[in-house]
Enquirer: 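This is the structure, below, for whatever I ask next.
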Number of protein chains: 2
Amino acid sequence: MKDLASPELTAACRRFIESGGHTTQSFGLGQVIGQVFALLYLSPRPMCLDEIMEELAVSKASVSMTVRQLEQWSAVKHVWVKGDRRDFYEAETDFKALVRHAVVSTLRKKIETAAVRIESVESSLQDALAKVDNGKRKEAKVVADRLKHARQFHQKVNALLNNPLLDHLL
Amino acid sequence: MKDLASPELTAACRRFIESGGHTTQSFGLGQVIGQVFALLYLSPRPMCLDEIMEELAVSKASVSMTVRQLEQWSAVKHVWVKGDRRDFYEAETDFKALVRHAVVSTLRKKIETAAVRIESVESSLQDALAKVDNGKRKEAKVVADRLKHARQFHQKVNALLNNPLLDHLL
DNA sequence: AGATACGTTCAGTCCAGACTGAACGATGCC
DNA sequence: GGCATCGTTCAGTCTGGACTGAACGTATCT
């Protein structure tokens, strides 16, 4: 960053990085992760933890955890620089792949845990349904139907996330 | 809720409501909003603020704000009960419409503000680019290209959110 | 008018989780 | 081995924003 062409250019990059932080913040991911990715995205060459840390003025611990997270999402990749034992990272510039890994996998995880809960409730409701006396049967049936409907919708969302067609739309 | 068929059924509903709260919590929306919707979703008849408040054991202020939010997303709708001046609400059972309004509109809003920032940076970068001396021109060009690439991707996402095909997939 | 019942607003509280600092392993160099 | 350089881990801190309680505005009664 320090060897960039002009102060104006540096300022523009800083604003872009700040935007990245703000964006991830608005999605509840914290701002560091967006800043790190934006920085690496604009950097013409791979950067190591200390460079990132200094540029963003955040703790090394944050950078370490954040970079790990980004790596799991295939948003950044590890790069070895010969004769240097530090870890260097560079950004994945293909946003399509990034979204596929990060957004979709995160979504799937959250939806999955929600699904497990719903199914658990649904099965224990089947037991409860048997004990209901005939007078109140109809009311209980409504609840059962709603639960079933919720589960079916969840399956549709899951199918959408797995649908290869989604990739083509990006 | 209190007039439900059996204790087991009530317990199942409570667990479903808890799941709803946990789900919205995991998306950074707070748990009350998920609980309110889940409660209304299972309720066989519309409910007023006090009933919701008592059932979930949260403050009336929370319920009021939350219901407003859900209404903006078309997740619940206002219902008038004759001879009762309280506000009653019932859940929208069509999840498709719900997702369309809530998720997509929220996403669009966030992406939009991100886009505004990027474009602002991009334009001020055009000015900076002009002042760069020839020696460093190439490096600055890389930054400009990356920014352009980011903006183009944003446009694709926007197009996807507006794509009517998305509705058919749900 | 006063009294009651509702819904909303707003300043303040509280908490999950992002972030930090220091201690800790691990690895390479002398 | 001893030293230096990195990266990671973890207990603790701090902050954004969800949630609350009380005051307020409004409408509907008698």
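Lettering of chains follows the sequences in order, A, B, ..., and the numbering in each one begins at 1.
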Enquirer: For Tyr89(B) and dG7(C), give me the distance from atom OH to atom P, rounded to whole Å.
Expert: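 Whole-Å distance recorded here is 7 Å.
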
Enquirer: Closer than 4.0 Å, any side-chain N/O of Ser62(B) to the OP1 or OP2 of dT20(D)?
Expert: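 True: Ser62(B) side-chain N/O within range (under 4.0 Å) of dT20(D) OP1/OP2.
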
Enquirer: Given atom CE of Met65(B) and atom P of dT8(C), what is their separation to the nearest angstrom?
Expert: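 It is 11 Å, rounded to the nearest whole Å.
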
Enquirer: In terms of relative ring orientation, are Phe95(A) and Phe37(A) parallel, tilted or perpendicular, with 30° and 60° separating the classes?
Expert: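 Correct class here is perpendicular.
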
Enquirer: Please determine, for the side chain of Ala61(B), which listed nucleotide (dT8(C), dG21(D), dC19(D)) has the closest atom?
Expert: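 Nearest to the side chain of Ala61(B) among the choices is dG21(D).
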
Enquirer: By nearest heavy atom, map Val63(A) and Arg85(A) onto DNA chain C; which one lands nearer the 5' end?
Expert: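 The residue closer to the strand's 5' end, by nearest nucleotide, is Val63(A).
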
Enquirer: Reckon Gln31(A) touches a base, only the sugar-phosphate, or nothing at all at heavy-atom distances under 4.0 Å?
Expert: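 Sugar-phosphate: the residue Gln31(A), judged by heavy atoms under 4.0 Å, touches backbone atoms but no base.
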
Enquirer: So, is Ser59(B) near the phosphate of dT20(D), with a side-chain N or O under 4.0 Å from OP1 or OP2?
Expert: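 For dT20(D), OP1 or OP2 has a side-chain N or O of Ser59(B) closer than 4.0 Å.
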
Enquirer: Which sits closer to the 5' end of DNA chain D, Thr66(B) or Asp50(A), going by the nucleotide each is nearest to?
Expert: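 Nearest nucleotide further toward 5': that of Asp50(A).
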
Enquirer: How many Å lie between CG on Leu29(B) and P on dC19(D), as a whole number?
Expert: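 In whole Å, dC19(D) P and Leu29(B) CG are 10 Å from each other.
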
Enquirer: Round to the nearest Å and state the distance from Lys60(A) atom NZ to dT8(D) atom C1'.
Expert: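 Atom NZ in Lys60(A) sits about 10 Å away from atom C1' in dT8(D).
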
Enquirer: Round to a whole Å and report the spacing from NE2 of His78(B) to P of dC6(C).
Expert: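 So the NE2-P distance, His78(B) to dC6(C), works out to 13 Å.
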
Enquirer: Go nucleotide by nucleotide along DNA chain C from the 5' end; which of Cys48(B) and Ala57(A) gets its closest nucleotide reached first?
Expert: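 By nearest-heavy-atom nucleotide position, the 5'-most residue is Cys48(B).
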
Enquirer: How far apart are the closest heavy atoms of Pro46(B) and Glu90(B), and which atoms are they?
Expert: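 Nearest pair, atom of Pro46(B) first, then Glu90(B): CG-OE1, 3.7 Å.
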
Enquirer: What is the distance from CZ of Arg86(A) to P of dC29(C), rounded to the nearest Å?
Expert: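 Result: 13 Å.
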
Enquirer: Would you call His22(A) and Gln31(A) a side-chain contact if the rule is heavy atoms closer than 4.5 Å?
Expert: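 No - every pair of side-chain heavy atoms lies 4.5 Å or more apart.
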
Enquirer: Taking the side chain from Thr23(A) and the backbone from Ala114(B), do they hold a donor-acceptor pair closer than 3.5 Å?
Expert: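 Side chain of Thr23(A) to backbone of Ala114(B): no pair is present.
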
Enquirer: If you take the centroid of each ring, where Trp contributes its six-membered ring, are Phe88(A) and His78(A) closer together than 6.0 Å?
Expert: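 Aromatic pair excluded; centres sit 6.0 Å or further apart.
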
Enquirer: Rounded to whole Å, please give me the gap between CD in Gln69(A) and C1' in dA18(C).
Expert: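 Those two atoms, CD and C1', are 12 Å apart.
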
Enquirer: Whole-Å distance between dT8(D) C1' and Gln72(A) CD?
Expert: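 After rounding, the reported distance stands at 14 Å.
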
